[in-house]
Amino acid sequence: QRQMCIRDRRIVDLCAAPGGKTAQLVAAGAQVLAVDRSKPRLQRLERNLARVGLAAPTRVADATEMSLEKPVDAILLDAPCSSTGTIRRHPDVPWLKHAGDPAKLAALQDRLIANAVRLLAPGGTLVFCTCSLEPIEGPERVAAALEANPGLRREPIRPDEVGGLAELITAEGDLRSRPDQLANLGGIDGFYACRLVRSPG
């Protein structure tokens, strides 16, 4: 069912490298443009896609200010973040970050979201996600985006869209996983995702 919804939709994957999500979208039948500001990282993405028999056009661009010839149906923004949700697998993360990083990254995320909204067609969908446990890099950014864009609304994520794992859905309808969850399955990284839809009018 999800593949039918995605098939033939024009989707931009911002901050796309190394390409795992691009590959999933292409495999589901979407027309994907993969964007990253780093040419070497995009070249790695292209190699990763080729390894699984897939391909997608790529563009080296700054996602905070890039433009498109015409608006697109959907945008995936897996934004740069402090990666605190991956501490379970990468215990060195706290030693590689600085106290001011979340605030700086939050400011970058605001710029990325603002431009993503500009690139969306009326009725288009923006999925914003990070692997951070910090509210400033997740729900607070969504709240700021909704306040800045009256034509934007949250579309709650349903449990059936995440394998029936209702415990991963917040009261607002966002996806929020924590490292202490699903211990019986080996654990899970901390992750946040929100689906936003631009008004059709």
Side-chain angles (χ1 to χ4, degrees), residues 1-90 92-93 96-97 101 105 108-109 111-121 124-133 137-138 141 157 161-163 168 174-175 177 186 188-196:
Q1 183 179 2
R2 288 194 299 275
Q3 287 192 353
M4 290 177 62
C5 294
I6 292 173
R7 183 167 299 281
D8 297 326
R9 294 189 75 185
R10 296 173 301 117
I11 300 176
V12 174
D13 185 359
L14 297 177
C15 310
K21 297 179 181 68
T22 299
Q24 290 181 304
L25 291 168
V26 172
Q31 302 173 31
V32 185
L33 171 65
V35 177
D36 203 279
R37 66 184 304 171
S38 167
K39 183 175 181 179
R41 283 174 57 82
L42 271 183
Q43 291 172 334
R44 179 185 173 194
L45 176 147
E46 291 167 350
R47 292 193 299 270
N48 287 340
L49 289 181
R51 191 176 299 117
V52 293
L54 300 172
T58 61
R59 181 183 298 182
V60 178
D62 182 344
T64 65
E65 59 185 23
M66 66 172 285
S67 59
L68 297 169
E69 290 185 4
K70 56 183 180 179
V72 291
D73 301 320
I75 291 176
L76 171 60
L77 172 55
D78 189 352
C81 70
S82 60
S83 304
T84 51
T86 67
I87 289 176
R88 181 180 66 93
R89 292 183 297 110
H90 302 289
D92 56 336
V93 164
L96 300 174
K97 304 296 180 180
D101 285 351
L105 288 163
L108 171 60
Q109 291 164 10
R111 297 197 300 274
L112 288 166
I113 292 172
N115 198 43
V117 172
R118 286 193 288 269
L119 300 177
L120 273 182
T125 299
L126 166 63
V127 174
F128 167 72
C129 55
T130 71
C131 58
S132 172
L133 295 170
E137 296 179 88
R141 302 282 51 78
I157 297 168
E161 295 179 295
V162 291
L168 302 186
D174 299 341
L175 172 68
S177 63
I188 189 172
D189 282 351
F191 189 75
Y192 173 81
C194 179
R195 179 168 54 199
L196 300 168

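Computation of the quantities below employed the complete heavy-atom set of this structure, encompassing side-chain atoms and omitting hydrogens, waters and symmetry-equivalent molecules.
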Distance in Å, [X] [atom1] paired with [Y] [atom2], rounded so as to fall on 0.5 Å steps:
{"X": "T125", "Y": "D73", "atom1": "OG1", "atom2": "CG", "answer": "8.5 Å"}
{"X": "D36", "Y": "L45", "atom1": "CG", "atom2": "CG", "answer": "8.0 Å"}
{"X": "N115", "Y": "I113", "atom1": "CG", "atom2": "CD1", "answer": "11.5 Å"}
{"X": "T84", "Y": "D101", "atom1": "OG1", "atom2": "CG", "answer": "10.5 Å"}
{"X": "L25", "Y": "L33", "atom1": "CG", "atom2": "CG", "answer": "11.5 Å"}
{"X": "D174", "Y": "R195", "atom1": "CG", "atom2": "CZ", "answer": "10.0 Å"}

Do the side chains of [Y] and [X] get nearer than 4.5 Å, heavy atoms only?
{"X": "N48", "Y": "R51", "result": "yes"}
{"X": "D189", "Y": "C131", "result": "no"}
{"X": "R141", "Y": "L112", "result": "no"}
{"X": "I157", "Y": "V162", "result": "yes"}

Intermediate values then yes/no, side-chain contact (heavy atoms from CB on, under 4.5 Å), L119 and V12: CA-CA 9 Å; L119 300 177; V12 174; 5.6 Å; no
Hey, is the main chain of L168 close enough, under 3.5 Å, to the side chain of S177 for a donor-acceptor pair?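 Side chain of S177 to backbone of L168: no pair is present.
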Is the backbone of A34 close enough, under 3.5 Å, to the side chain of D13 for a donor and an acceptor to pair up by distance?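 Looks like no, no N/O pair under 3.5 Å.
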Identify the heavy atoms of [X] and [Y] that sit nearest to each other, and give their distance.
{"X": "L49", "Y": "G19", "answer": "CD2-O, 4.2 Å"}
{"X": "A74", "Y": "L120", "answer": "CA-CD2, 3.9 Å"}
{"X": "V26", "Y": "A55", "answer": "CG1-O, 3.8 Å"}
{"X": "F191", "Y": "C129", "answer": "CZ-CB, 3.5 Å"}
{"X": "C15", "Y": "L77", "answer": "SG-CD1, 4.0 Å"}
{"X": "R10", "Y": "P71", "answer": "NH1-O, 2.7 Å"}

Can you tell me if R37 has over 12 outside heavy atoms packed within less than 6.0 Å of its CZ?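 No, because the 6.0 Å sphere around CZ of R37 holds 12 heavy atoms or fewer from other groups.
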side-chain contact (heavy atoms from CB on, under 4.5 Å) between F128 and Q109: does it pass, once the steps are laid out? CA-CA 9 Å; F128 167 72; Q109 291 164 10; 3.9 Å; yes
Between E46 and T58: side-chain donor-acceptor atoms closer than 3.5 Å: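 Yes, T58 and E46 have a side-chain donor paired with an acceptor closer than 3.5 Å.
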Under a plain distance cut-off of 3.5 Å, with no hydrogens placed, do D62 and T64 share a side-chain donor-acceptor pair?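 Their side chains do contain a donor-acceptor pair, which is all the 3.5 Å distance test asks for.
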Under the salt bridge (charged side-chain N to carboxylate O under 4.0 Å, His left out) definition, can you give me all pairs with a residue in residues 17-32, not counting sequence neighbours?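 Qualifying pairs: K21-D78.
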Given K39 and L42, is the side-chain contact (heavy atoms from CB on, under 4.5 Å) satisfied, shown in steps? CA-CA 5 Å; K39 183 175 181 179; L42 271 183; 5.6 Å; no
